[in-house]
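A short worksheet on the structure shown next.
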Amino acid sequence: MDYSIKIGGEAGQGIQTIGDTLSKVFSRAGYHVFTHQDYESRIRGGHNFYQIRFSDKPVSSSREKIDILVALDKASIHLHEREITDGGQIVYDSTTLRQKYERSEFLDVPFMDLAKESGGSKIMANTVAVGSVLGMLGMNLEILSNILKDTFKKKGEEVIRANENAAQAGHDYAIKQCLKCSFSVAPKGPPRMLISGVEAIAVGAYSAGCKFYSAYPMTPSTGIMIYLNSKIREFGVLVEQAEDEIAAINMALGASFAGVRAMTGTSGGGFALMVEGLSLAAMTETPIVIALGQRPGPATGFPTRTEQGELLFALHAAHGEFPRIVFTPGTPEQAFFLTNKAFDLAEKYQVPAFILFDQYLADSEWTFEEFNLEKIRYQDYRLRGEAFRSLQEYKRHAFTENGISPLGVPGDAKHLVVTDSDEHDEEGHIVEDAETRVRMVEKRLLKKLPLIREEIEPPFLYGNSDPEIVITGFGSTFGVLKEAVDHLSGKREIAFLHFTEISPFPLTEKFDYIKILKGAKITICVENNATGQFARMVRSETGHLFDEHIRKNDGRPFLLEELIGELDAKVGRL
Amino acid sequence: MDYSIKIGGEAGQGIQTIGDTLSKVFSRAGYHVFTHQDYESRIRGGHNFYQIRFSDKPVSSSREKIDILVALDKASIHLHEREITDGGQIVYDSTTLRQKYERSEFLDVPFMDLAKESGGSKIMANTVAVGSVLGMLGMNLEILSNILKDTFKKKGEEVIRANENAAQAGHDYAIKQCLKCSFSVAPKGPPRMLISGVEAIAVGAYSAGCKFYSAYPMTPSTGIMIYLNSKIREFGVLVEQAEDEIAAINMALGASFAGVRAMTGTSGGGFALMVEGLSLAAMTETPIVIALGQRPGPATGFPTRTEQGELLFALHAAHGEFPRIVFTPGTPEQAFFLTNKAFDLAEKYQVPAFILFDQYLADSEWTFEEFNLEKIRYQDYRLRGEAFRSLQEYKRHAFTENGISPLGVPGDAKHLVVTDSDEHDEEGHIVEDAETRVRMVEKRLLKKLPLIREEIEPPFLYGNSDPEIVITGFGSTFGVLKEAVDHLSGKREIAFLHFTEISPFPLTEKFDYIKILKGAKITICVENNATGQFARMVRSETGHLFDEHIRKNDGRPFLLEELIGELDAKVGRL
Amino acid sequence: MPKLEDYRGQIPAWCPGCGNFGILKTFKEALVELEIEPYQIIIVSGIGQAGKLPHYLKCNTFNGLHGRTLPVATGIRLTNHEMLVIAVAGDGDCYGEGGNHLLHAMRRNINVKLFVHDNQIYGLTKGQASPTSMEGMVTKNQPFGVLSEQLNPVALGVALDCSFVARSFSGDGEHLKEMMKQAIKHKGFALLDIFQPCVVFNKVNTHEWYKQRVYHIEPEYNPEDRIEAFKRALEWGDRIPIGVIYRNNRPIMEERIPIIKDSPLLRQPLDASKTETALREFY
Amino acid sequence: MPKLEDYRGQIPAWCPGCGNFGILKTFKEALVELEIEPYQIIIVSGIGQAGKLPHYLKCNTFNGLHGRTLPVATGIRLTNHEMLVIAVAGDGDCYGEGGNHLLHAMRRNINVKLFVHDNQIYGLTKGQASPTSMEGMVTKNQPFGVLSEQLNPVALGVALDCSFVARSFSGDGEHLKEMMKQAIKHKGFALLDIFQPCVVFNKVNTHEWYKQRVYHIEPEYNPEDRIEAFKRALEWGDRIPIGVIYRNNRPIMEERIPIIKDSPLLRQPLDASKTETALREFY
Ligand SMILES: Cc1ncc(C[n+]2csc(CCOP(=O)(O)OP(=O)(O)O)c2C)c(N)n1
Ligand SMILES: Cc1ncc(C[n+]2csc(CCOP(=O)(O)OP(=O)(O)O)c2C)c(N)n1
Ligand code: SF4
Ligand code: SF4
Ligand SMILES: [Mg+2]
Ligand SMILES: [Mg+2]
């Protein structure tokens, strides 16, 4: 079983509600689910869609073909009907669309009328739609009604029952009318967790003891702030909406200086405004974590779409030289654990750390059995209370063996915590002399960098362990690359090298990935951008030149068949 | 003849006046002059110095040893006396320093008293100092008195004569008292022009038709704005001091959109705030030139010192992908012509162009016979007036063969000029579709980039044409590298490869510099930073790995003997 | 003589019922009645729902960054002070992200008109509080309600001696048109704050809410009295004044720069010989 | 009981005769008289001559970026509202580069004290005009004189309903000390603008210039009357009022955030179990 459902329509028609509800039903049914969203920078109208793929086998990408299209408007039909598989169905409401389609793959369900009749109001039309999709799939409504109970708890019995009836009506109607529906779903299993990239980053931050989050709203990172605010009383993470991104990062630095773990989040345009603050974090050795959600640029670009176009920017942003940590998760699970690790390393080494993601990972939902919470790291590296008070003397930027100076919490002891954006001495006071400068650069940069590099995990190799074809990628392309490799590995000795911890660039001690690359007949770098930024990075770090490149820069993610096709073309000559 | 003079003292004591006057005397005497300044981020006190080197042969760097130290305070003596050559002299005023030095290399000239007696006021003490230095050198005061006439023109005859007398007094006193002075200067020649990096950039901008300059004060770029303002009535370049750097770059973009050539200037910290505007320039294809003066970072760092630490930042700043031009002049002459070229290319291709310099180049003065103004480029690429009106239709971002769309001046014709920071169509209106996106990226980036690359000059090879040792550098290290190579070339087959046009990185068609690098036994990359940013760039662009690196990151420039020593150590094994 | 059709632009991507439609319609009428041709005006807009406006009519357009309309508009005016330059921004855009530029544009008294679509919310990013959101308003991003005091753009304008400060309402077309015309005709920087209901995200300050509260400032009112203006500016609650709150006749920046007195910067030719003259001074 | 010596810091790099020396001396005295120990305060300063101040006494110090003192100070207060947090900035720093943060810090009413060393010039960068430079003042960078209207920080404070707005003069130690004490004791955001002669670059607003003009606001004056405050704020020229111009008792932001009511954010432990609880909700 491997079905894809697409819900299409205008912004504001409830695409998200329908999509979220269906994916929840599938994940609770124990299926593997992958969803991705495509929407415009507007609140009403236009054309958006929500694509859900579910299967009894793991799925981690969207496919070109769809089995069920829920068309909330005419545009969805003419835009997507050619994507329908044979045996696939387009379900719609001829009264709302003011058009009747006679062809056999169309199923006309009067969402609106059924909502009024059964639920008593047309606002339940979306529930009818959900019910009918489940009917088409031959699934019962048990899970759905539980979900409806949760969703409308606050609204009371009345509303719940009305929605249940609406769902039932859609369900029964579909079963009765959809004669051509031949879908058959696998037996249910234990519920899986369904989580998106931004949610995983937010919970990951909490797991790492993040206490302060300041940001200015910007797609695709806003979800982190919204989630933390939805949990404000449980988590107690103080979220402050700043007046601009400059304030956002400087507030986070203030919070960090004052003694808590702090984070900010934004997208390229907002990060551009944080660059000076990034440099400040480096000079004052103030830990901070930055969640940077990429979207197509330059400038405002495509505000709600996806691209991997900010890699080199994140790596080189800010004046002056300092170590930085950059992680590029490929799944919500990786996002969760890498965010946790980012906080740990940022504080341990007193450097800025990035979670570099993109709109595709931010909004995509994945299913997991569970996250292994054993792997969560938490250690408080700050110098507080008694430990701080008991010190004989204290210098915020003291020269040490490993370059790490004690990070005292101001006010906890009589020792003063002094830091400065100017070059400074051990105590944190302004200096002008060459000797101190040289020692400070050695401390801040040259001593710490190799130590941080030791903490970096090598890339993940998937597939053949002695491959003739190596496909390389980073970040959000993980899922689609993995499935593409699965698909191709039958015919060929192929493997996939995925980088999630890219700065400092991983050593080859733990795993000699360079050997893998050098040993292959053909190496291909796949990136969601126009210039091959990761390939450039790999060359400057390792000298390796990829033989082939697959790039996409239309603001959309790679679809499975599309990528397989491109890979086939590249490796054809082998 | 190759003499070095250092004027040392506190900020506010007039070091700059003495230094500027002396260098002017030497350049007007037809000597080759090189000066460099070392000052702290304060207005009074501390320790600053001004070093002047002059010779009858070309000079382009500062030396470790000095022949004459003008000590305006005690600190200057104990900090610099070990730099004195044998036969060198330290001239000072024991009354001001409240200390008498008996050793033979000291010459006590009562600057203050002579000023009062001869000039009538102690404010002329610095003129006395200048006079005495010229006396020590055995030079007459003819040129100096002309300079005094120019300087004090507005102040009237009185002041001029007083200063002339003061100079004379210092001169005669030195001649009489400095028995150990054995300096002998070469015969005079035709006057040379003496110009600093920032002055050259400013005049270069004017030569290119720059009409608008908006900036926020920041060392080491402030000099550009100050110079343009000093010429405001002659040049008619409108200079606006913005409320912050974000405003500075956005104002310049507004001016450029409205139809004139516009520029902004700053340093790393200010540029950090301009990064979003840079991205806006790219997306709207609005030409702009950015003068980026590097200083040691991160953050505030050493505000008045020098470093080459912003190279990778300038190359990768801003979200999204677009072509950018980056020039790194090594002399004021290069700064002049590259600024001129930057404006030409920025407008021709409608992309941002950088002049990446640093405090060392900004404040250093060089002498030249003249600039060959034949080489100035000026062509107006904008669509104006009649030419614009006569068009049938107009689309600001029209798709064209070479990716360059007509840059119309709004208001000149009935055609509307529309642009957008969002992804847009040919007319400049917001779009969301993949097809237009792909074509726009092709137009903005993929088509233009190779064309711009064609315009880039290859690096400059100096010395042996088939060298076994190749020393590579970029930007402000030009002068000291050139002299070092001169020094070493006697013993070895050595050459020096200097890059001034680095983005897009030069092709090898015109000159195969890769071959030179590959052919050498040893290649050394010399940079004024800690991490070898240029070496990284060369690796990612060409794959070439340097054998050796010489780096300096104490905020000071390389001195000639220092560099020669390091080079000797590196090439010793050959 | 321009006609309304001449101003027909792209189809708006705004929500049905959005106050922006009223502003768009009125704006076109004002331009037509002032007999301004599309090519004679440059609109600089930011990012947000308001920022999309220039695409929905016909004009020279620089749709720049979020929060940065005024510096761009200033650069344009300093280059070509013969053009009418209007900045269109949202409340988040010019009071939040771009607050600093507003302060300094008012000080400069650059002859730019700033029309603020003030819906007291961040619309395009889905309903976070803006600087003008009322204290206590609960949003997904302000779970404890807005804690900051609402920014009062009109009082701010009076305090900075802004040369024209007015307020209107998208639901009162005639009044809005009059304000737009006066702002355009006024010589100097003009701040026009326009109440604009956001029917999706601002459930507090609805069309009705504004309708019940706004009143026209009486004709006898003297907008040149700065203290009176400040009092008016502070009125908020059951009765909110709309109209010209404050006005003065400070000279505009463009006229105080000698080098552009005779002709706009845009029209000044390059005199290549001056490069040589300048370089000669270095000998 | 702290003593003056406890506050001896590095040797100032200011020019002889600079107004900053008076501010430094008075500031130390105020802290000692308020019995505040060096470790009990955090000073956040910017870049400029003013920004160097914390190095010249003893205190916890975050000497950050030019223009960004207030966001840092806000982050510190939200994390540890038991500490006294003072932001020290220059006029260019907080009215120019950082103007936007000032607007929003006043709106938040975060309990931070902002001491502005207002020398009406950019000192450290050698004498360009600042937002408070007087119109017409000629500098190397303002060849035609300052064209923008001087920013009036006090009027701005009143317009934004800043909870404490005062002005003083580095040359009037007793008065300045009193203002510093009141600002520190006041519960809420406090803006204290301090006239500070720059003896090198500001030849207009000299020590004498201020001395001849400043007068102490009479005791009967009621700083709670916002309209009167606005009138006072506008006084400039031959007589310039120094003292507390405006004051109100708005609640401070820190007290309006339920999650830090009982204990500062800094003191709140991490409850690891909640990670699991949160993740469970995704099933
Ligand atoms: C630098 C930057 N930060 C954030 C954003 C995201 N963003 C787009 S519009 C907007 C705010 C919209 O609110 P407002 O300015 O009031 O305009 P409205 O949509 O309400 O008309 C934000 C935060 C951006 N585009 N650029
Ligand atoms: C982002 C940034 N822009 C510019 C500068 C350069 N700079 C340092 S201090 C200063 C202004 C100083 O004026 P003010 O804030 O009034 O302080 P003062 O020196 O007069 O006390 C400037 C522009 C900087 N450090 N950072
Ligand atoms: S979200 Fe609000 S402001 Fe934006 S278009 Fe819709 S109604 Fe208008
Ligand atoms: S330059 Fe002015 S403000 Fe700066 S220290 Fe000197 S006198 Fe004081
Ligand atoms: Mg708004
Ligand atoms: Mg100042």
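Chain A is the first sequence line, chain B the second, and so forth, proteins listed ahead of strands; every chain is numbered from 1. Predicted model, so just to flag it, every value in this text is computed and none were measured.
Among the candidates A535(A), G268(A), P298(A), the residue making the largest number of heavy-atom pairs closer than 4.5 Å to chain B is P298(A). Interface summary for chain A: among V438(B), L280(B), V538(B), T531(B), the most heavy-atom pairs under 4.5 angstrom belong to T531(B). Of all the listed residues (E442(A), H319(A), R437(A), M537(A)), the one sharing the greatest number of non-hydrogen pairs under 4.5 Å with chain B is H319(A). Per-residue counts of heavy-atom pairs under 4.5 Å with chain B were compared for G297(A), A314(A), S279(A); the largest is that of S279(A). Contacts with chain A were tallied for H47(B), H544(B), M283(B), R444(B); M283(B) has the most, counting heavy-atom pairs under 4.5 Å. Most heavy-atom pairs under 4.5 Å with chain A: of the set K552(B), M274(B), E432(B), this distinction falls to E432(B). Interface summary for chain B: among E40(A), E321(A), E276(A), the most heavy-atom pairs under 4.5 angstrom belong to E321(A). Here G269(B) is the residue among A282(B), G269(B), S267(B) with the most heavy-atom pairs under 4.5 Å with chain A. With chain A as partner, the option from L292(B), I430(B), D433(B) having the largest number of non-hydrogen pairs under 4.5 angstrom is D433(B). Between chain A and the residues M440(B), H316(B), E423(B), the most heavy-atom pairs under 4.5 angstrom are made by H316(B). For the options G46(A), A434(A), P303(A), heavy-atom pairs under 4.5 Å to chain B are most numerous at A434(A).
If you measure heavy-atom distances from I246(B) to chain A, the contacts under 4.5 Å come from the side chain alone. For R556(B), the part lying under 4.5 angstrom from a heavy atom of chain A is the side chain only. With a 4.5 angstrom heavy-atom cutoff, L312(B) touches chain A via backbone and side-chain atoms both. Looking at E435(A), there are no atoms closer than 4.5 Å to chain B (heavy atoms on both sides), in backbone or side chain. The contact between E310(B) and chain A is made entirely by side chain atoms (from C-beta outward), counting heavy-atom distances below 4.5 Å. Only the backbone of A318(B) comes within contact range of chain A, with heavy atoms under 4.5 Å apart. Heavy-atom distances place the side chain of E307(A), and not its backbone, under 4.5 Å from chain B. Proximity to chain A (any heavy atom under 4.5 Å) is shown, for R42(B), by neither the backbone nor the side chain. Contact of N529(A) with chain B is made through backbone and side chain together, with heavy-atom distances under 4.5 Å. Proximity to chain B (any heavy atom under 4.5 Å) is shown, for L278(A), by neither the backbone nor the side chain. The contact between T304(A) and chain B is made entirely by side chain atoms (from C-beta outward), counting heavy-atom distances below 4.5 Å.
We find that E285(A) and K448(A) are joined by a salt bridge, their nearest charged nitrogen and carboxylate oxygen being less than 4.0 Å apart.
With hydrogens and angles left out, the side-chain atoms of H424(A) and T419(A) include no donor and acceptor closer than 3.5 Å.
Distance alone, capped at 3.5 Å, is enough to place a donor-acceptor pair between the Q533(B) side chain and the L311(B) backbone. In this structure a side-chain-to-backbone donor-acceptor pair under 3.5 Å is present from Q294(A) to F357(A). Here the side chain of R305(A) pairs no donor or acceptor atom with the backbone of R295(A) at under 3.5 angstrom. Under a 3.5 Å cut-off, the side chain of E527(B) and the backbone N or O of F534(B) do form a donor-acceptor pair.
Distance CG/L356(B) to CD1/I502(B): 6.5 Å, rounded to 0.5 Å. Atom CG of L545(B) and atom OG of S540(A) lie 10.5 Å apart (nearest 0.5 Å). Here the OG-CD distance, from S76(A) to E83(A), works out to 10.0 Å after rounding to the nearest 0.5 Å. Taken to the nearest 0.5 Å, the CZ atom of R439(A) stands 14.5 Å off from the CG atom of D554(B).
With sequence neighbours excluded, no residue forms a side chain to side chain donor-acceptor pair (under 3.5 Å) with N250(A). Residues satisfying the ring pair (Phe, Tyr, Trp, His ring centres under 6.0 Å) criterion with F322(A), sequence neighbours excluded, are absent altogether.
Between S421(B) and T284(B), the shortest heavy-atom distance links the atoms N-CG2, 4.2 Å.
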